[in-house]
Amino acid sequence: MKSTTEKLNFSVPLSFEAHSIAQGLVSEISNQEKRQQVYLNSLSVYAVNYYLRCMGFETDYSEGDSRNPFAVQLMNVADLIVKDIGKLECIPVLAEAEVGEIPPEFQDRIGYVFVELSDSLKEANILGFTPQAADKISFSLNKLESLEDFLVYLTELEVVESVQAETTSHVISFRQWLDGVIDTSWQKLDELLKPQQLGLAFKNEVSITRGQKIDLGMHLDKISVALVMKVISESKSEEVDILTQLYPVGEMSLPSGIKLIIGDETGEALEVVSREDDNWIQSEFSAESGERFNITVAYGDSEVKKEFEV
Amino acid sequence: MNSDSQQRDNALNQQLRELVEEIKQYSANADRAIIRVKRRVALNKFVNAVVNSGRLSKQTQWLGLANYEDYHNEALQLTFMEICSKIDEYNPQYPVMAWVNKIFHWRFIDVVNKERKKGITKIPKGEKISPVMSLDDITKEIHQSNQLSQAEIIKEIINKDPEKYLIGEQLRGHPEANLKTILLFLLSGKKWKEISQELGVPLTTASSFYQRRMHKIIDYLKKYI
């Protein structure tokens, strides 16, 4: 019997269900290389989904592109949607392989999980993960982060959701922010966004920047965005400058038609709408101490509104 | 001999019980992420300890089944999922492996019943059932049909591009880097590296341009299938 203190691993027996899903996807494909790619991707996604379900995560297994017979013919995709967190890419590697290939078209996943498949395809082993593709196509498996780190990483992303549900109805006070009292549901940006999205830092002012993940839409149209608030206090002034920005979470660009609306107590509103391929949208304004305003993020039929006080 | 194996079983049970206690101590719904992480890590260790225990039942009454190993694996998979979700209900009165093996036994029966029903309705007479393919089988067992494969149908639609949508969607300043060309390259098995060289655009630019339009492409092609 092996000691339980050694490095965490997880093996998934693959049998009827896993293989019948994979066979359903390749039944229309006659190109041999493509067949193998789709089959292995499918088993790999199946294994990661199984692992995450065992660990108590919720997934949208059937909603991924990897389950769509069209999508798999048109791209090398092995995505798995983890509910309220984002998309993972589940990359299959064969036994004894030393590197795995990250498909270049998916640089924007929340993480890349590597799955070793036995030659008999009766067993999958979840090897580890990396949170960043880092523009690399081939990735050395010995540089993978452990499964323990993977559980930490996903669990921490999950927490934002549950805390947010409790706090959405509150009025958020910027005075408290500037005094250093910030609700934990507003995260530091390096916890919320990818490093390449963090272009906005103005370092030399008295300012606080925080962001919160917001989910919009239903089912297939569901998207996650990060609402980022930067509050800049000018010394000896009752006024604060507020910069609000909206970033995609888990993607590199926003879908078109997302609205960022700033409304004040008189009902006047500033509205910004995303165009195709916008990496972010923003709106800037200033407000006086005590003034209240609200921010609405809307997409299609769904919207989330938050109240703030300066 | 007997007392040796007894001792080993006791030690195993002790170890598994400690893991169960550890898991139960951390709530799955705890507010703090660190608590939920600890539960998950302990749960993962617990499943591994069960797998490596050497005390999982062989379910020998089913040894005669043609695909015994596959039935075994499917039932095992269902068992792990169930012990993970029901771990808080485990009654410490029984040895942990007795609890696991009892669940395994029931899930095995479920799998056998399910596959039997499928066998009756789905498998044509005389055809060998081979539900689990190996790496070699994937490329071997291509059924040759006279009809056009779906891949060929898709290729035809892309070539025709009835609404001229695919040819019209192009990278700014690179009319040759349009969706139609990229799709045809991909379907012919070209890798992104080659595509980027042929079109003279950076790899990530071309691939993300394509990937972002994926769902529109699928909806478009579906209309003509």
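Worth knowing before you read on, the calculation uses all heavy atoms, side chains too, and leaves out hydrogens, waters and symmetry mates. Note that the coordinates shown come from a computational prediction; the quantities given were computed from them, not determined experimentally. First the proteins, then the strands, lettered A, B, ... as listed; each starts at 1.
- Partners of A/E123 by salt bridge (charged side-chain N to carboxylate O under 4.0 Å, His left out), not counting sequence neighbours: none found.
- Between A/D277 and B/R213, at least one side-chain nitrogen of the basic residue sits less than 4.0 Å from a carboxylate oxygen of the acidic one, meeting the salt-bridge criterion.
- Partners of A/S42 by side-chain contact (heavy atoms from CB on, under 4.5 Å), not counting sequence neighbours, listed by chain and number: A/I21, A/A22, A/L25.
- Scanning for side-chain contact (heavy atoms from CB on, under 4.5 Å) contacts around A/R53 gives A/N49, A/T59, B/M81, with sequence neighbours left out.
- For the atom pair CH2 of B/W192 and CE of A/M75, the computed distance is 10.5 Å after rounding to the nearest 0.5 Å.
- In this structure, no portion of A/S118 lies under 4.5 Å from any heavy atom of chain B.
- The interface of residues 184-191 of chain B with chain A, defined by heavy-atom distances below 4.5 Å, comprises B/L186, B/L187, B/K191.
- Interface residue B/V41: backbone and side-chain heavy atoms are both found under 4.5 Å from chain A.
- Interface remark: B/F209 contributes no atoms to any contact with chain A (heavy atom separation under 4.5 Å).
- If you measure heavy-atom distances from B/E82 to chain A, you find no contacts under 4.5 Å at all.
- Judged by distance alone, the side chains of A/D65 and B/H215 do bring a donor and an acceptor atom under 3.5 Å apart.
- With a 4.5 Å cut-off on non-hydrogen atoms, A/L40 touches chain B through its side chain but not through its backbone.
- Heavy atoms closer than 4.5 Å to chain B are found in both the backbone and the side chain of A/F16.
- Aromatic ring centroids of A/Y50 and B/F80 lie 6.0 Å or more apart.
- Looking at A/N76, there are no atoms closer than 4.5 Å to chain B (heavy atoms on both sides), in backbone or side chain.
- Between chain B and the residues A/E148, A/K122, A/E33, the most heavy-atom pairs under 4.5 angstrom are made by A/K122.
- Considering only heavy-atom pairs separated by less than 4.5 Å from chain A, the leading option among B/L183, B/I218, B/L76, B/L221 is B/I218.
- One distance of note links CD of B/Q77 with CD of A/E17; it measures 6.5 Å at 0.5 Å rounding.
- One finds a salt bridge joining A/E158 and B/R40 here, because a Lys/Arg side-chain nitrogen approaches an Asp/Glu carboxylate oxygen to under 4.0 Å.
- In this structure, chain B has a heavy atom under 4.5 Å from the side chain of A/Y51, while its backbone stays farther away.
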